[in-house]
Asks: 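Below is one structure. I have some questions about it.
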Amino acid sequence: MPPIVSVRNLTKTYASGFQALKGVSLDIAQGEIIALLGPNGAGKTTLISTICGIVQPTSGTVTVGGHDVVRDYRAARALVGLVPQEISLESFERVINTVRFSRGLFGKPRDDAYLEKILSDLSLLDKKDSKIMTLSGGMKRRVLIAKALSHQPRVLFLDEPTAGVDVELRKDMWAVVASLKAAGVTIILTTHYIEEAEAIADRVGVINKGEILLVQDKAELMAQMGRKELHIQLGAPVAAIPAVLAPYALALGKGGESLIYTYDTKAERTGITALLSDLREAGLTMTDLATRQSSLEDIFVGLVKERA
Amino acid sequence: MNTQGVIAIYRQEMARFFRTIMESLISPVISTSLYFVVFGAAIGNRIDTVEGVSYGAFIVPGLIMLTVMTQSVSNASFGIYFPKFVGAIYEILSAPVSYFEIVLGYVGAAATKSFIIALVILATAYAFVDLPIAHPLAMVLFLVLTCVSFSLMGFIIGIWAGDFQQLQLIPLLILTPLIFLGGSFYSISMLPDIWQTIALFNPVVYLISGFRWAFFGAADVPVGVSLLAIAGFTALCMGVVWWIFRTGWRIRQ
């Protein structure tokens, strides 16, 4: 199946001379959830704004559903829904009217039954006649989602959907995203919360300084980099690692009070049992053991630092 | 053509108009009535007639033009500036609507509002004076062209404006003087010779003169010239709007 979104050698230089994108290429498969991870100012918003038609590309091409976003913008944009990062709503408008407006803007005939279903899924139905200014911040964010879904898009962009959102609403949003995925909608979200990518994405792309550093299946990424560390707290500090323990490639902790063993959880033998018995052999006593798994965050920080 | 999209923009803008019906309709009616009282009754008693028309009736076309021009500019500029200001413009830019459709929605709504206001003022005027309309079709044509061209101008100002102050700047510094000096309340033939010549450089003179001709059959400048002037102004505004969208100036980075 051809990718639903295809980005080729995309660059964007703003009038100020700032180069926000430096040759980004990315294919997004139909029905997947991809999280674009990166620090502030990495180019995440510029990338999705360009795909959605808000920013004009400097060079390169973007297609959505096979339609070029510049030449064939009507067909391309009709497939796309965008939830922006900032709450950008007209305060005096009523919820149902603003959602109706969005649907009409995308060329769809009025369908209040469908819109009410969306509002109901987002727990907004009882607010449908309320003015937007009377809603809480979390509810306004839901209104933005309702607007983006009003025209039944096949691709949904969520730009930092849970920035500044409380835990409960974040969980609700993840549930909405999961149900959209089940309905076959492709979802691209940007975030700088690693947990968010870890929790809901199928694939993770890491973007920094206008470049995509890596795009990989989340599980693969986690497995590949999913190494664990065993921290062994010693009864008495040691000056150096005993020769007998050399094969384990241990690292000496601060002040020689602990030893750190790195192992692969997926390996056939982790070597932990042998290490522990060799420790006794070497005459070392242990007071505590702890294991630590590298998270997406470690991977992310490592990648960003490496290229900096 | 995304007809639904145009209707959606038009409806939203008209809803804003009806939501603020007090400001939208009542205030122009009140200010027009005040002009009648001040200029028509108080001053008009001493002026008698201008070109054979009672002064009270004479100022009606100018008053309507004054209100239509300022209202068109303020409605259209606010209509496009506000979504820019709150950020809601993202939706218009990411929607499958062409530039032409965006302009049709916003400018169409702003021009409709001004047209409604003009009719309301005209009706108000009948409460004060007897008013003949010599050329009703020409009157409607001038009115529609003025509503459309000044709404286009407002649209341009709304896109250009970077803050609320700039939004007020052009109407206040350029438009209001041009309108007041454009013969809203007098015939330019009442001016000294030198000022008559200067007045001919004011485009608003041609619009008001043409509109007044539609009522009384008499004008400061030939009606053909007036028509040419308003058509030229409309074309100029359309050209600027076309350029704005082609380059993405101030809207699409």
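In what follows, chains carry the letters A, B, and so on, assigned in the order in which the sequence lines appear, proteins first and then strands, with residues in each chain numbered from 1. These figures come from a predicted structure and were not determined experimentally.
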Asks: Using modelled atom types and a 3.5 Å cut-off, is there a donor and acceptor pairing between side-chain atoms of A:Arg77 and backbone atoms of A:Asp72?
Replies: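 A pair under 3.5 Å: no.
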Asks: Can you say whether B:Ile89 sits under 4.5 Å from chain A via the side chain, the backbone, both, or neither, judging by heavy atoms?
Replies: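 For B:Ile89, there is no contact with chain A at all, as no heavy atom is under 4.5 Å.
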Asks: Kindly write out the residues that satisfy salt bridge (Lys or Arg N to Asp or Glu O under 4.0 Å) with A:Glu32, not counting sequence neighbours, or none if the list is empty.
Replies: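 Scan of A:Glu32 (salt bridge (Lys or Arg N to Asp or Glu O under 4.0 Å), adjacent residues dropped) gives A:Arg203.
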Asks: Does A:Lys12 count as lying over the ring of A:Tyr14, i.e. NZ or CZ under 6.0 Å from the six-ring centre, within 45 degrees of the axis?
Replies: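 Checked: cation-pi criterion met.
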Asks: Hey, which residues of residues 95-105 of chain A are touching chain B, say heavy atoms under 4.5 Å apart?
Replies: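 Interface residues of residues 95-105 of chain A: A:Phe101, A:Ser102, A:Gly104, A:Leu105.
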Asks: Compute the centroid of each ring, for B:Phe233 and then for B:Tyr206, and state whether the two points are separated by less than 6.0 Å.
Replies: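 When the ring centroids of B:Phe233 and B:Tyr206 are compared, they turn out to be at least 6.0 Å apart.
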Asks: Kindly assign one of parallel, tilted or perpendicular to the pair A:Phe92 and B:Phe82, based on the angle between their ring planes and the thresholds 30° and 60°.
Replies: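 Taking B:Phe82 first and then A:Phe92, their aromatic rings lie parallel (interplane angle under 30°).
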Asks: Would you please go through residues 147-167 of chain B and name the residues with a non-hydrogen atom below 4.5 Å from one of chain A, in numerical order?
Replies: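 At a heavy-atom separation under 4.5 Å, chain A is reached by no residue of residues 147-167 of chain B.
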Asks: Quick check: do A:Leu144 and A:Leu89 have side-chain heavy atoms less than 4.5 Å from each other?
Replies: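 A side-chain contact exists here, since the closest heavy-atom pair is under 4.5 Å.
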Asks: For a quick test of reading the model, state the closest non-hydrogen atom pair linking A:Thr11 to A:Gly23 and the distance between them.
Replies: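 Minimum heavy-atom contact is CG2-N, 3.3 Å.
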Asks: What pair of heavy atoms forms the shortest contact from A:Val69 to A:Tyr73, and how long is it?
Replies: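 Closest pair (atom of A:Val69, atom of A:Tyr73, distance): O-CB, 3.2 Å.
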Asks: For chain A, which residues from residues 1-13 of chain B lie under 4.5 Å away (heavy-atom distances)?
Replies: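 B:Met1, B:Asn2, B:Gln4, B:Gly5, B:Ala8, B:Ile9, B:Arg11, B:Gln12, listed by number.
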